[in-house]
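These notes are about the structure you will find just below.
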Amino acid sequence: LPNYKNPKTNVNLNFNYQRRPDFTRNLINTSYAYFWSGNTKNRNDYAFYPLNLSIIRIDKRDYFDQRLRDLQNPFLLNTYSDHLIVGSKFNYTWTNQNLRKNQNAIWNRVTVETAGNLLAQSSDWLGLNKTNGEYYELFGIRYAQFVKVANDFRVYNNITKNSKMAYRFHAGVGVPYGNRNVLPYDKSFFAGGANDIRAWTARSLGPGSTPDSVTAGIDQVGDVLLEANIEYRAQLTDMFEIAFFADMGNIWVLERDQQVESSIFRFDRFYEEIAVGTGIGFRFDFSFLLLRLDWGVQMRDPALAEGERWIFQSKDLYNEANQNDYNM
């Protein structure tokens, strides 16, 4: 590519080790990528990963493995298993944001990712045999096959010199097929956490309206994500900023055999399963470090029964089933 497009070639090799009470996870990832920019007034950034290879091994503790089996949920059983990802990815980012100027701005990123198709076409040529007559394995691991699309859209609107509104809408869907009928854990969507719906801890929200009694103690992931945020930010000093926010959204899974009905995305009810959280945040900008502290309250919890989901509604059914008082 010509130099004015600022082309770069990036080769990465990563290893990640994660030890948790429920499982130990090892990830090896290597990728080969091209980056370049469009020559326009606004920023147009492109990233193409023709090769993105990941090998993930999950060693579950016996009690956690038994918990998954007791739930009799094939989706979770397959999600928390070893998997191999051989795919490619494309990112396109457009923005008119100028960090040197305090002005209204729009930022948008589209991500398209696919995996497993090349292996599926080459399985016979590679001499791979189907395990149990159902699926192929490479290096003794069942490889993933899916397509995933996501869009992250943000708007920044200045109110005064020291205050602004920030809006965000994030949506995505991943469709597994072929050699594996679930998205890999690392490629699934999740809700909750510091950069998401902040009134819930990471991976604790959803999917859908599945009760907490079913999801307790297990990270929740899904195939579909819908999320929106609105935030008012006021800069009180050069180093200190205060924010008031409202977050809403959830994750769902696509319909498949033996799936929990309350977790499935349905067009006729998904809007009834939207979680809502509000809160206040503090930002401390030390130039070399940005410290964020957010405190959120669960205003609407879709895991509760209908008629009890809003914070101001009685929780009689919940208290009766759990024999205790509802706590946010």
Any donor and acceptor pair, going by atom type alone, linking the side chain of [X] with main-chain N or O of [Y] inside 3.5 Å?
{"X": "Arg168", "Y": "Asp152", "result": "no"}
{"X": "Arg292", "Y": "Ala194", "result": "yes"}
{"X": "Asp82", "Y": "Ile58", "result": "yes"}
{"X": "Arg142", "Y": "Asn179", "result": "yes"}
{"X": "Asn91", "Y": "Ala47", "result": "no"}

- Asn10/Phe35 under side chain to side chain contact (heavy atoms under 4.5 Å, CB included): CA gap, chis, key distance, verdict: CA-CA 8 Å; Asn10 187 296; Phe35 299 89; 3.4 Å; yes

Quick check: closest heavy atoms across [X] and [Y], and the distance to 0.1 Å?
{"X": "Gly174", "Y": "Pro176", "value": "O-CD, 3.5 Å"}
{"X": "Arg309", "Y": "Pro302", "value": "NE-O, 3.5 Å"}
{"X": "Gln298", "Y": "Ala199", "value": "NE2-O, 3.2 Å"}
{"X": "Tyr143", "Y": "Ala120", "value": "OH-CA, 3.3 Å"}
{"X": "Ser314", "Y": "Glu308", "value": "O-CG, 3.0 Å"}
{"X": "Ala303", "Y": "Thr210", "value": "CB-O, 3.5 Å"}

- Could you list all the salt bridge (charged side-chain N to carboxylate O under 4.0 Å, His left out) pairs where at least one residue sits in residues 88-98, not counting sequence neighbours?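 As it turns out, there is no salt bridge (charged side-chain N to carboxylate O under 4.0 Å, His left out) pair with a partner in residues 88-98 once direct neighbours are skipped.
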
[atom1]/[X] to [atom2]/[Y] distance, rounded to the nearest 0.5 angstrom?
{"X": "Ile85", "Y": "Glu113", "atom1": "CD1", "atom2": "CD", "result": "7.5 Å"}
{"X": "Leu226", "Y": "Asn250", "atom1": "CG", "atom2": "CG", "result": "8.5 Å"}
{"X": "Met248", "Y": "Ile230", "atom1": "CE", "atom2": "CD1", "result": "7.5 Å"}
{"X": "Glu227", "Y": "Asp196", "atom1": "CD", "atom2": "CG", "result": "4.0 Å"}
{"X": "Gln313", "Y": "Asp301", "atom1": "CD", "atom2": "CG", "result": "11.5 Å"}
{"X": "Arg43", "Y": "Asp45", "atom1": "CZ", "atom2": "CG", "result": "4.5 Å"}

Evaluate the side-chain proximity of [Y] to [X]: yes if any heavy-atom separation is below 4.5 Å, no if none is.
{"X": "Phe153", "Y": "Ile106", "answer": "yes"}
{"X": "Trp107", "Y": "Thr93", "answer": "yes"}
{"X": "Val155", "Y": "Asn104", "answer": "no"}
{"X": "Tyr185", "Y": "His83", "answer": "yes"}
{"X": "Gln145", "Y": "Tyr135", "answer": "no"}
{"X": "Asp294", "Y": "Phe245", "answer": "yes"}
{"X": "Tyr63", "Y": "Pro21", "answer": "yes"}
{"X": "Thr114", "Y": "Ser88", "answer": "yes"}

Regarding [X] and [Y], is there a side-chain donor-to-acceptor distance under 3.5 Å anywhere?
{"X": "Tyr92", "Y": "Asn44", "value": "yes"}
{"X": "Asn16", "Y": "Asn14", "value": "no"}
{"X": "Arg57", "Y": "Thr24", "value": "no"}
{"X": "Asn52", "Y": "Ser31", "value": "no"}
{"X": "Asn151", "Y": "Asn108", "value": "yes"}

- Task: Report the C-alpha distance between Asp22 and Arg20 in whole Å, list the side-chain angles of each, state the deciding distance to 0.1 Å, and finish with yes or no for salt bridge (charged side-chain N to carboxylate O under 4.0 Å, His left out).
- Result: CA-CA 5 Å; Asp22 297 328; Arg20 298 183 52 174; 5.1 Å; no

- Task: May I have the step-by-step check of ring pair (Phe, Tyr, Trp, His ring centres under 6.0 Å) for Phe270 and Phe265, ending in yes or no?
- Result: CA-CA 6 Å; Phe270 78 90; Phe265 181 85; 5.2 Å; yes

Plane angle bin for [Y] and [X] - parallel if under 30°, tilted between 30 and 60°, otherwise perpendicular:
{"X": "Phe90", "Y": "Trp36", "result": "tilted"}
{"X": "Phe284", "Y": "Phe286", "result": "parallel"}
{"X": "Phe312", "Y": "Trp310", "result": "parallel"}

- Message: Using a 6.0 Å cut-off, check whether atom CD of Gln18 has over 12 heavy atoms from anything other than its own residue.
- Response: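 Counting other residues, nucleotides and ligands, CD of Gln18 exceeds 12 neighbours.
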
- Hey, is CG on Asp62 packed in by over 12 heavy atoms from elsewhere, all under 6.0 Å?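 Incorrect, the count does not exceed 12.
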
Are [Y] and [X] co-members of a hydrophobic cluster defined by side-chain heavy atoms under 4.5 Å apart?
{"X": "Ile56", "Y": "Ile28", "answer": "no"}
{"X": "Tyr17", "Y": "Leu27", "answer": "no"}
{"X": "Leu254", "Y": "Val149", "answer": "no"}
{"X": "Val221", "Y": "Phe189", "answer": "no"}
{"X": "Tyr32", "Y": "Phe15", "answer": "no"}

- Task: Kindly determine whether Val110 and Trp94 satisfy side chain to side chain contact (heavy atoms under 4.5 Å, CB included), including the steps that lead there.
- Result: CA-CA 9 Å; Val110 180; Trp94 180 92; over 6 Å; no

- Using a strict cut-off of less than 4.0 Å between a Lys/Arg side-chain nitrogen and an Asp/Glu carboxylate oxygen, indicate whether Arg283 and Asp285 qualify as a salt bridge.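 The answer is no: the pair does not qualify as a salt bridge.
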
- For residues 269-281, which residue pairs qualify under side-chain hydrogen bond (donor to acceptor under 3.5 Å, both in side chains), counting only residues two or more places apart or in two chains?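 Only Ser209-Glu273, Trp252-Glu273, Glu261-Arg269, Arg269-Glu273 qualify under side-chain hydrogen bond (donor to acceptor under 3.5 Å, both in side chains).
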
- Task: Could you walk me through whether Leu53 and Leu84 pass the side chain to side chain contact (heavy atoms under 4.5 Å, CB included) test, one step at a time?
- Result: CA-CA 8 Å; Leu53 169 65; Leu84 173 70; 3.7 Å; yes

Side-chain donor/acceptor pairs under 3.5 Å, residues 235-244, sequence neighbours excluded:
from	atom 1	to	atom 2	distance (Å)
Gln235	NE2	Thr237	O	3.2
Thr237	OG1	Met239	N	3.3
Thr237	OG1	Phe240	N	3.0

